[in-house]
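Some notes on the structure that comes next.
Ligands are counted one by one from 1 in listed order, and the atoms in each one are counted from 1 as well.
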Amino acid sequence: MSIKESLLTIKNELPDTVILVAVSKTKPVSDLEEAYAAGQRIFGENKIQEMTQKWEVMPKDIQWHMIGHVQTNKVKYMAEYVSLVHGVDSLKLLKEINKQAKKHNRVINCLLQMHIAEESTKFGLDKEELDNLITSDVFKTLENVNVVGLMGMATFTDDKNQIKKEFATLKEIFSSLQSIKSTNLDVKILSMGMSGDYKLAMDQGSTMVRIGSSIFGSRNYS
Ligand SMILES: *Cc1c(COP(=O)(O)O)cnc(C)c1O
């Protein structure tokens, strides 16, 4: 299947309430152009430098999502244009995003990444760290960031029940946050689900799926 066909097939499976992020990391600009021509406007990348190179050459009505782990010293390169940062998992990083956003007179939308998987290698906050972050005095002073939801990745396993359980846990935390509103906290996006598990994620209440290989084909890391 072509990129266009894959994209349209997946889009057909998503209800209107679920937003599709086309994960184009490692893929050439020509692949992104094909998806763009088929109507895709939201792209996800996991390296700031690569995303910035693509942002420079691609049409300006694209929304660029940073879905990977973010190093504090690289935030400045995307602060001018990034539309959503999915992987925020510390107050330190949030403070840096706030600082860089201010320089560009912007408010940058962020998702807090939760650790829901069994693997200890995956990044993210636990529930206690999340609570500490959003109730801290410093958080309330960050006027140039807006926390609009949560992101999480399930364990890499064939065990569907486990994946389902992990997504359900994230959805529960998400729901518990929706009643808490402050100037820079308005939780409405739940980013969960990738090529292998987005249907399970949608069953559990995902509002944003991040799909790469099912659209662009498998990736070559060289
Ligand atoms: C690469 C990546 C994806 C997409 O993975 P696929 O399995 O190719 O759909 C989604 N989310 C994150 C955080 C990623 O790094």
For this session: Below 4.0 angstrom from a heavy atom of Ile211, which ligand 1 atoms are there? Numbered from 1 as shown, please.
Result: 9 (O)
Exercise. Which of these, His69, Arg210, His65, Met66, has its nearest heavy atom closest to atom 11 (N) of ligand 1?
Worked result: Arg210
Exercise. Do any nitrogen or oxygen atoms of Ser214 come within less than 3.5 Å of a nitrogen or oxygen of ligand 1?
Worked result: no
Seminar exercise, completed: Here the atoms of ligand 1 under 4.0 Å from any heavy atom belonging to Ser195 are 6 (P), 7 (O), 8 (O), 9 (O)
Problem set entry | Met151 reachable from Ile19 in the ILVMFWY side-chain graph, under 4.5 Å edges | yes
Exercise. Do any nitrogen or oxygen atoms of Gly212 lie less than 3.5 angstrom from nitrogen or oxygen atoms of ligand 1?
Worked result: yes
For this session: State the atoms of ligand 1, each with its element, that fall below the 4.0 Å cut-off from a heavy-atom position in Ser213.
Result: 6 (P), 7 (O), 8 (O), 9 (O)
Exercise. Mind checking whether Glu129 and His115 have side chains closer than 4.5 Å, heavy atoms only?
Worked result: no
Exercise. How far apart are the closest heavy atoms of Ser2 and Glu34, and which atoms are they?
Worked result: CB-OE2, 4.0 Å
Seminar exercise, completed: Filtering Met194, Arg219, Lys25 for the heavy atom nearest atom 2 (C) of ligand 1 leaves Lys25
Exercise. Would you find a donor on one side and an acceptor on the other, under 3.5 Å apart, between the side chain of Thr207 and the backbone of Leu190?
Worked result: yes
For this session: Output yes when the distance from some N or O of ligand 1 to some N or O of Asn46 is under 3.5 Å, and no in every other case.
Result: no
For this session: State, yes or no, whether a side-chain contact exists between Lys127 and Glu172 at a heavy-atom distance under 4.5 Å.
Result: no
For this session: Verify the neighbour count for atom NZ of Lys140: are there more than 12 heavy atoms of other residues, nucleotides or ligands below 6.0 Å?
Result: yes
